[in-house]
J.: 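Sharing a structure, written as structure tokens. Questions coming.
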Amino acid sequence: MKYLNYILIVLGSIVAIYAKNGTEQNEYILIGGIVVLMIGVYRISKTIPSRKDDDNDFIKEDE
């Protein structure tokens with residue numbers, strides 16, 4: 001499942017670059033690529049723990 005996130009990011013980047021490459025820029029393909037890219041980034045960011053939660057746990061252990 002982790003690799004799906006990276007595939008989404010790479011695929012979205014390639015599609016966005018491809019849409020921007022031509023003289024006639026297809027805006028719908030560009031938007032679709034950016035959306036796929038953002039979905040991949042969002043899914044990865046959900047797995048990263050919050051630093052604030054870690055700081056609160058550290059303070060509670062000291063007490």
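In what follows, every heavy atom counts, from backbone to side chain, and hydrogens, waters and symmetry copies are set aside. From a predicted model like this one, the values you see are computed outputs, not experimental measurements.
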J.: For I31, enumerate each residue passing the side-chain contact (heavy atoms from CB on, under 4.5 Å) test, keeping only those at least two apart in sequence or located in another chain.
T.: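 By the side-chain contact (heavy atoms from CB on, under 4.5 Å) rule, I31 matches V35.
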
J.: Would a single hydrophobic cluster contain both Y6 and I14, if residues Ile, Leu, Val, Met, Phe, Trp and Tyr are joined by side-chain heavy-atom contacts under 4.5 Å?
T.: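 Looking at the clustering, Y6 is in a separate group from I14.
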
J.: Would V41 end up clustered with I34 when hydrophobic side chains under 4.5 Å apart are linked, directly or stepwise?
T.: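 They do share one cluster, since a chain of ILVMFWY contacts under 4.5 Å joins V41 to I34.
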
J.: Which atom names give the shortest non-hydrogen contact between L8 and G40, and what distance separates them?
T.: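 Here L8 and G40 meet closest at CB-CA, 4.0 Å.
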
J.: When clusters are formed by joining ILVMFWY residues with side-chain heavy atoms under 4.5 Å apart, either directly or through shared neighbours, do V36 and L4 land in the same one?
T.: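 The answer is yes; both residues are in one hydrophobic cluster.
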
J.: How long is the gap from CD1 on I17 to CG on L37, to the nearest 0.5 Å?
T.: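 Answer for the CD1-CG pair, I17 versus L37, is 9.5 Å.
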
J.: Taking transitive links into account, so neighbours of neighbours count too, which hydrophobic residues share a cluster with Y42 at under 4.5 Å side-chain distance?
T.: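 The other cluster members (ILVMFWY side chains, heavy atoms under 4.5 Å, direct or chained): none.
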
J.: Specify the closest pair of heavy atoms between I9 and I44, including all atoms of both residues, with the distance to one decimal.
T.: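 So the two residues come closest at CD1-CD1, 3.5 Å.
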
